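Computed from a predicted model, the values in this text were never measured in an experiment. In what follows, chains carry the letters A, B, and so on, assigned in the order in which the sequence lines appear, proteins first and then strands, with residues in each chain numbered from 1. All values below come from the heavy atoms of this structure, side chains included, with hydrogens, waters and symmetry mates left out.
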Amino acid sequence: MSSDNPNNASGPLDFVRQIVADDLGTGKYQGRVHTRFPPEPNGYLHIGHAKSICLNFGIAAENAGGLCNLRFDDTNPCKEEVEYVESIKQDVRWLGFDWADREYYASDYFDQLHEWAVRLIRKGKAYVCDLSADEIREYRGTLTQPGRNSPYRDRSIEENLDLFARMRAGEFPDGARTLRAKIDMAAANVNLRDPVMYRILHATHHRTGDKWCIYPMYDFTHGQSDSIERITHSICTLEFENHRPLYDWYIDALEIYHPRQIEFARLNLTYTVMSKRRLLELVQGGHVRGWDDPRMPTISGLRRRGYSPEAIRGFCSVVGVAKFNSTVDIQLLEHCLREELNRTSPRVMAVLRPLKLVIDNYPADLVEEMDAVNNPEDPSAGTRKIPFSRELWIEQDDFMEDPPKKYFRLGPGREVRLRYGYFVRCTDFVKDAANRVVEVHATYDPATRGGESPPDGRKVQGTIHWVSAAHARPAEARLYDHLFTVEDPGDVPEGGHFTDNLNPRSLEVVPRCWVEPSLAAARAGSRCQFERLGYFCVDPDSTPERLVFNRTATLKDTWAKIQKRT
RNA sequence: UGGGGAAUAGUGUAACGGCAGCACGACUGACUCUGGAUCAGUUAGUCGAGGUUCAAAUCCUCGUUCCCCAGCCA
């Protein structure tokens, strides 16, 4: 985890870390650094949350004695579920962060919040309002016109106290009344136009059950929750900048501890969507198989796809933190992925689209055990044995009946290296009735055992992968592409919908692949590189009889690039 | 025509009045038992107009463009 710790790099601090460092310098919080990651448990975490998680937990970890809480902002019982709480905890832990025993819930503060609401009523700073939701909107005015005072704004403190108590007691139906802060209906900042503090909601909360029928609004909860937890730096996204004056107002009116709020730009990525609303729609609309569909930008989706926590952390570190509303090229994510996977993934051979290769001069009953390097980037990963025999599977793409000059693979009369095997020269090929090549014949050179160059100094341009037909294990491969066909799926013409931009080819299932026998015992979640093809990861759907692999990412493919150009 | 933010290569991000740098991408080339990886190189930028200054991405003025805000969502 140290490699992606920005403080270990000699580079400059981002503006948030700079503020923290400055506050440390002036002793503003007596040397304390205390952050928090405050998700609402109403959906699964995505890569954008990972940026926030890395920022908050990262800053805590980089500063001596620093702490980061995990707090669920669960103030809306209608949308929140335990399933989400559990998934969020799992994802944060998987990303490599630890909140120790500091797992908090805004709902744990409901009593305190209620008491504070009463305090504001007593101070004449809050009132019970009988206006309907529509009327409140009407009274609020517009962005350019001031609002009007609610006719209930000047109720006596006693009446407000009584009404609020009866709201809590359940005497009124949902929406009948609200508790509002008495601030300024003419404020230029709309958030200050007597915002609702409490609403009536006869709903069962995932933690407090039926204890409450009134629930505090997020705005009346968040700042005080940070205050209760003695957070020093409340890091949040840009859209809450407009709310800061309101949080300040509550905290000042309540005369409680004041954290410092810092806003940064949320992460956007090309070729995907990041809003919870849209992700929910993809799930509920059946456009993907679930929150953890490997095409989803959710943490669980990325995990199932084969991303490692290190790769995600590295990405979060490299994208930086700023206030500019930006969209990061998804290729940068893929770069961080490959960088990590290249270092750590064991190499293995697998054939996705099999074509039979028969080595006519190789003994029919012979099986040789060839030595293969597990990871050229990591000598300590050692070597393994792979069986070689007369009949092999090779990739259909690795043979061309009439190959162009720059094609380095197999073609009539051409010689290639079978990786860790032998040099083979194509002597013949067989076609079926549909004119498709179904079998290739070749002869091997015994002097090239293990794939070594022969004594005559002969060289080959191409090296291809293979598996022994008699020893290979069947497998299914799921190949993924971007979920959307355009960089910004949200950019749709009038009347259009972001799902119009869904990529119909984002998933390709290749059902009949062959993988080398060493993969037989591979467990769900384990990662490897199929040589020349890409990084793959065993899917939870996998069984010993039928292995299932997700393609995490392709290898960079210069040949594909050359082909694309012509 | 309200308020709050933000603008630096294609993308993301540094430079805190003193040589505009890094990463990704793209493009060359070298090397290679993965057309992988690696290495070397090329490409390309301060939103605009004024001003202050020996010196401005940075400070000032006036513009332009983009984002957020009118939930009893968070």
Side-chain angles (χ1 to χ4, degrees), chain A residues 11-14 18 38-40 42 73-76 78-80 129 131-133 136-138 140-147 174-180 187-193 195-201 214-215 217-219 221-222 237-245 263 265 267 270 276-277 318-336 338-339 342-343 347 349 372-373 376-377 406-409 417-421 423 448 450-453 460-465 487 529-534 554-562:
Chain A
L13 301 176
D14 59 64
Q18 188 60 58
E40 183 195 9
N42 70 341
D73 274 338
D74 53 354
T75 54
N76 185 352
C78 307
K79 290 187 178 174
E80 295 148 7
C129 182
L131 254 25
S132 70
I136 285 186
R137 188 181 316 120
E138 208 181 306
R140 185 155 34 224
T142 69
L143 294 178
T144 50
Q145 295 168 326
D174 287 2
R177 290 179 222 264
T178 56
L179 181 70
R180 295 227 256 162
N189 183 338
V190 190
N191 292 126
L192 265 16
R193 318 239 263 230
V196 172
M197 293 163 58
Y198 267 90
R199 74 284 218 188
I200 300 171
L201 237 38
I214 55 171
Y215 289 92
M217 297 290 292
Y218 173 86
D219 278 350
T221 305
H222 187 80
T237 43
L238 254 26
E239 67 269 29
F240 294 107
E241 211 155 12
N242 291 329
H243 297 242
R244 181 154 30 97
E263 307 87 7
L267 173 71
T270 55
K276 276 190 191 176
R277 198 197 88 235
V318 89
V319 294
V321 182
K323 297 194 74 155
F324 180 62
N325 214 310
S326 61
T327 301
V328 175
D329 191 334
I330 198 157
Q331 286 184 100
L332 183 57
L333 210 211
E334 288 163 359
H335 162 80
C336 295
R338 291 191 179 103
E339 186 181 53
N342 175 51
R343 271 203 328 269
R347 271 58 169 177
M349 290 204 282
V373 173
E377 306 293 322
K406 288 196 164 172
Y407 184 82
F408 299 157
R409 286 107 96 148
R417 170 189 291 110
L418 293 174
R419 176 144 238 229
Y420 304 126
F423 281 22
T448 58
E452 301 290 340
S453 290
V460 286
Q461 288 244 62
T463 297
I464 66 173
H465 59 275
E487 283 198 12
Q529 183 200 96
F530 288 175
E531 294 224 19
R532 302 210 303 137
L533 296 176
T554 59
L555 255 25
K556 283 204 221 151
D557 189 345
T558 29
W559 170 243
K561 206 177 259 181
I562 291 167

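- When rounded to the nearest whole Å, the span between CE of A:M197 and P of B:C73 equals 15 Å.
- Rounded to whole Å, atom C1' of B:U32 lies 14 Å from atom CD of A:E452.
- When distances are taken from the side chain of A:N191 to each of B:C69, B:C73, B:U34, the shortest belongs to B:C69.
- No hydrogens or angles were tested; on distance alone, nothing pairs the side chain of A:E239 with the base of B:G5 as donor and acceptor under 3.5 Å.
- Put simply, A:T327 has no side-chain N or O that comes within less than 4.0 Å of OP1 or OP2 on B:U11.
- Side-chain nitrogen and oxygen atoms of A:R343 include none within less than 4.0 Å of the OP1 or OP2 phosphate oxygen of B:A37.
- Atom P of nucleotide B:U34 and atom CZ of A:F530 are separated by 19 Å, given to the nearest angstrom.
- Put simply, CZ on A:R532 is 18 Å from P on B:U32, counting in whole angstrom units.
- Residue order along RNA chain B, read from the 5' end via each residue's closest nucleotide, puts A:R347 first among A:R347 and A:L201.
- Using modelled atom types, one finds no donor on one side chain facing an acceptor on the other under 3.5 Å when comparing A:H465 with A:R419.
- Phosphate contact (OP1/OP2 of B:U34, side-chain N/O of A:H465, threshold under 4.0 Å): absent.
- Distances were taken from every side-chain heavy atom of A:D329 (C-beta onward) to each of B:A15, B:C67, B:U11; the shortest belongs to B:U11.
- A distance of about 31 Å separates the C1' atoms of B:C24 and B:G17, rounded to the whole Å.
- Using a 4.0 Å cut-off, no side-chain N or O of A:T463 falls inside it from OP1 or OP2 of B:U32.
- For A:D329, there are no salt bridge (Lys or Arg N to Asp or Glu O under 4.0 Å) partners at least two apart in sequence or on another chain.
- At B:G35, none of the side-chain N or O atoms of A:R409 fall inside 4.0 Å of OP1 or OP2 (strictly under the cut-off).
- One interatomic measurement links the two molecules: CZ of A:R140 to C1' of B:C73, which rounds to 12 Å at whole-angstrom precision.
- No hydrogens or angles were tested; on distance alone, a donor-acceptor pair under 3.5 Å links the side chain of A:N242 to the base of B:G3.
- The nearest whole Å value for the distance from the OH atom in A:Y218 to the P atom in B:C73 is 14 Å.
- When the C1' atom is used for both B:A7 and B:G45, the distance is 13 Å, rounded to whole Å.
- Counting heavy atoms from C-beta outward, A:C78 and A:L201 have side chains that approach closer than 4.5 Å.
- The side chain of A:H335 lies closest to B:G25, out of B:A14, B:G25, B:C69.
- Taking 4.0 angstrom as the limit, A:R199 places none of its side-chain polar atoms (N or O) nearer than this to OP1 or OP2 of B:G71.
- What separates CG of A:D557 from P of B:G35 is a distance of 9 Å, to the nearest Å.
- Nearest to the side chain of A:V318, among B:G12, B:A74, B:A23, sits B:A23.
- For A:A322, taking side-chain heavy atoms from C-beta onward, the closest of the listed nucleotides B:C72, B:G36, B:A14 is B:A14.
- Rounded to the nearest Å, the gap between the P atom of B:U8 and that of B:U32 is 43 Å.
- Under the rule for a ring pair (Phe, Tyr, Trp, His ring centres under 6.0 Å), A:F408 has no partner lying at least two apart in sequence or in another chain.
- Remark: A:K556 is not in phosphate contact with B:U34, judged by side-chain N or O atoms under 4.0 Å from OP1 or OP2.
- Taking side-chain N and O atoms only, A:S326 has a distance below 4.0 Å to OP1 or OP2 of B:U13.
- A:F408 places its CZ atom 13 Å from the C1' atom of B:C31, with the value rounded to the nearest Å.
- Of all nucleotides listed (B:G71, B:U34, B:G3), B:U34 comes nearest to the side chain of A:L555.
- Base pairing in RNA chain B gives the following stems of 3 or more Watson-Crick or G-U pairs, range against range and under 3.5 Å: B:2-7 with B:64-69, B:10-13 with B:21-24, B:25-30 with B:38-43, B:47-51 with B:59-63.
- Distances shown here put every side-chain N or O of A:K323 at or beyond 4.0 Å from the OP1 or OP2 atom of B:C67.
- Side-chain N/O atoms of A:R338 include none lying less than 4.0 angstrom from OP1 or OP2 on B:G25.
- For A:Q331 against B:U11, no side-chain N or O and base N or O form a donor-acceptor pair under 3.5 Å.
- Toward the 5′ end of RNA chain B lies the nearest nucleotide of A:L238, the other residue of the pair A:L238 and A:I136 mapping further downstream.
- Which of B:G3, B:A74, B:A70 sits closest to the side chain of A:N189 comes down to B:G3.
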